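Lettering follows sequence order; numbering is per chain, from 1. The model shown is predicted, which means the values in this text are computed figures rather than measured ones. Any value given below was found using the heavy atoms of this structure, including those in side chains, with hydrogens, waters and symmetry copies removed.
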Protein chains: 2
Amino acid sequence: MLSSTEENYLKAIYNISERESGSVTTNNIAQVMQTKAASVTDMIKKLADKELVDYAKYRGVSLTEKGRGLATQLIRKHRLWETFLVDKLGFDWDEVHELAEELEHIRSDELINRLDQFLGQPKFDPHGDPIPNASGRFTIRQQTQLSDLKPGEKGEVVAVHHHDDALLRHLAEIGIELKTNLEVLELHAYDQSIQVRLGTGKVLQINPGLAQKLFIRRSN
Amino acid sequence: MLSSTEENYLKAIYNISERESGSVTTNNIAQVMQTKAASVTDMIKKLADKELVDYAKYRGVSLTEKGRGLATQLIRKHRLWETFLVDKLGFDWDEVHELAEELEHIRSDELINRLDQFLGQPKFDPHGDPIPNASGRFTIRQQTQLSDLKPGEKGEVVAVHHHDDALLRHLAEIGIELKTNLEVLELHAYDQSIQVRLGTGKVLQINPGLAQKLFIRRSN
DNA sequence: AAATAATTTTAGGTTGCCCTAAAAGCCTTA
DNA sequence: TAAGGCTTTTAGGGCAACCTAAAATTATTT
């Protein structure tokens, strides 16, 4: 039985190791968890005792099979709750992250499986991220960062990664959401920005930072 | 900002003072919270500092206006979540109490108001208990303990009080649920038991303890 | 490779909520 | 009304998760 805090550390380690290779460092975790390195060391030892992470002093941590399994279940819960909040309660996609952070710690497999049923066993959450099934398997979707598209290529926005609320609100403002169709018109070498035309006809300049966070499924 | 623990104490005090008059004693709270009197004294002091209870040493506590308001909102959340679990996720009425105990601590007025909308602003939860509205007002329903009915009187089960899961399962087994119609046939003086006929025609002996927990709206 | 810089760990302390044991207060009843 | 028996509070600790400061280790620079 893990505490919410232990669960949050597991999730943090999982997320960091998803986007960076090699083992996860103490400072890295401290930054994500908004806490101090010393506190992280304390917690790492506890997680190592429970065989949820492999740990060698000064060498960082990595999740064990068991740890990864638990982290995956947390992500399942988080994304199912986000789906509930958006699909059923009518929240906007930029309002649900914090709430799902709380809801994901409710401890009941029965609850989460019924919720999954109730939502129609969705494969992707409101941000386009895949929802692992009860056995922890993700549905993988063919997708590319917008920054990798060439002029003339067309596609549909299927996911937004590393989303903070401000980013999502910005996207909504400029007219981009999930399922938005777009076509790359030009790449501007001088600032790496990308000119795109949305399905609505609107033409936008997308800066390179943003273009890396937008995931596209090619449609031609 | 209260901790879940503080919230649980408030709720315990509220519940005790609902069913007993006068101020709530330390031992009483300890029993409900499954903890020791010394721990209760600690917490009472903290709640008194926050002006949620009035407290005089050795004299017990009572909720302040502020404390009662918070307790009422907790009850609102608890009962709305129970309604969600039963109406939307298909849980049985005897399975939802523990889960609602966790869910009620999720901190978001927006969430709970949207949930209320989503559920169709229900006035009563799956056990027949009234759900306070956002301002803390309960809908009061004319109801009587089954033990107060006279032979020949008829009515409908509208609530079950002080429900533990075992009690609810027992009721389900003998064929009683919310909205069950019944008629009192006879009172047996020798053991205070009550003979009733259900809407289904089934005739039962109800013992006096149970008859106090069943609330009936008279129908004739 | 030595010196300096950065990271990580250890040591020791705080807070919230719990505990046991003992002291203090209240209450009943002889 | 005084004694004994409850109840409640105080005193003193424990554990989880955090902190700061200092020590240990690793990494980088010269």
Side-chain angles (χ1 to χ4, degrees), chain A residues 1-14 16-17 20-63 67 70-71 74 101-102 104-107, chain B residues 1-14 16-17 20-63 67 70-71 74 101-102 104-107:
Chain A
M1 180 99 275
L2 299 187
S3 68
S4 290
T5 310
E6 290 170 315
E7 291 189 339
N8 284 333
Y9 272 90
L10 278 187
K11 212 165 46 115
I13 296 168
Y14 180 92
I16 296 165
S17 56
E20 278 161 54
S21 58
S23 67
V24 176
T25 69
T26 302
N27 259 1
N28 230 324
I29 299 169
Q31 185 209 321
V32 171
M33 293 294 297
Q34 310 245 64
T35 185
K36 296 301 151 96
S39 310
V40 174
T41 303
D42 281 355
M43 180 57 82
I44 283 175
K45 286 179 183 168
K46 194 151 39 124
L47 295 177
D49 284 349
K50 297 188 178 186
E51 303 189 325
L52 300 170
V53 298
D54 291 317
Y55 170 54
K57 268 193 196 178
Y58 296 103
R59 290 281 119 110
V61 293
S62 58
L63 291 172
L70 288 172
L74 281 168
E101 287 289 296
E102 285 195 64
E104 74 192 9
H105 297 295
I106 303 290
R107 257 168 271 276
Chain B
M1 181 102 273
L2 299 187
S3 69
S4 290
T5 309
E6 290 170 315
E7 291 189 339
N8 285 333
Y9 272 91
L10 278 187
K11 211 165 48 116
I13 296 168
Y14 181 93
I16 296 165
S17 56
E20 279 161 54
S21 58
S23 66
V24 176
T25 70
T26 302
N27 259 0
N28 229 324
I29 298 170
Q31 185 209 321
V32 170
M33 293 294 296
Q34 310 246 62
T35 184
K36 297 300 152 94
S39 310
V40 174
T41 303
D42 281 356
M43 180 56 82
I44 284 176
K45 286 179 183 167
K46 194 151 41 123
L47 296 177
D49 284 348
K50 298 188 177 186
E51 303 191 323
L52 300 170
V53 298
D54 291 317
Y55 171 53
K57 268 192 196 178
Y58 296 102
R59 290 279 117 109
V61 293
S62 57
L63 291 172
L70 288 172
L74 281 167
E101 287 287 298
E102 285 196 63
E104 75 193 9
H105 297 295
I106 303 289
R107 257 168 270 277

Any side-chain N or O of [X] less than 4.0 Å from the OP1 or OP2 oxygen of [N]?
X	N	value
B:Lys57	C:dA24	no
B:Thr35	C:dC19	yes
B:Tyr9	C:dG16	no
B:Asn27	D:dT8	yes
B:Lys45	D:dT9	no
A:Ser39	D:dC19	yes
A:Tyr58	D:dA23	no

Open item on the list: Do B:Val40 and B:Tyr9 have side chains that approach each other closer than 4.5 Å (heavy atoms only, starting at C-beta)?
Closed with: yes

Open item on the list: What I'd like to find out is whether the side chain of B:Leu52 reaches to under 4.5 Å of the side chain of B:Leu2, using heavy atoms alone.
Closed with: yes

- [ ] For A:Thr26, report the nucleic acid contact type (base, sugar-phosphate, nothing); a contact means any heavy atom under 4.0 Å.
- [x] sugar-phosphate

TODO: May I ask you to say what A:Asp42 touches in the nucleic acid, namely base, sugar-phosphate or nothing, with a heavy-atom cut-off under 4.0 Å?
DONE: base

Nucleotide [N], atom [atom2] - distance to [atom1] of [X] in whole Å:
X	N	atom1	atom2	answer
A:Met33	D:dC19	CE	P	10 Å
A:Ile44	C:dT7	CD1	C1'	12 Å
B:Asn8	C:dG16	CG	C1'	15 Å
B:Lys36	D:dT7	NZ	P	14 Å
A:Leu47	D:dA16	CG	C1'	13 Å
A:Leu2	D:dC15	CG	P	19 Å
A:Met43	C:dT8	CE	C1'	17 Å
A:Gln31	C:dT8	CD	P	12 Å

Out of [options], whichever nucleotide has its closest atom nearest the side chain of [X]:
X	options	result
B:Arg59	C:dC19, D:dC19, C:dC26	C:dC26
B:Thr41	C:dT9, D:dC18, D:dT8	D:dT8
B:Ala38	D:dC18, D:dT8, C:dT20	C:dT20

Open item on the list: Check whether B:Ser17 reaches the backbone of B:Ser62 with its side chain - one donor and one acceptor, N or O, closer than 3.5 Å.
Closed with: no

Task: CD/B:Glu20: more than 12 non-hydrogen atoms of other groups inside 6.0 Å - done: yes

Open item on the list: Taking CD in B:Glu51 as the centre, count heavy atoms belonging to other residues, nucleotides or ligands within less than 6.0 Å. Is the count above 12?
Closed with: no

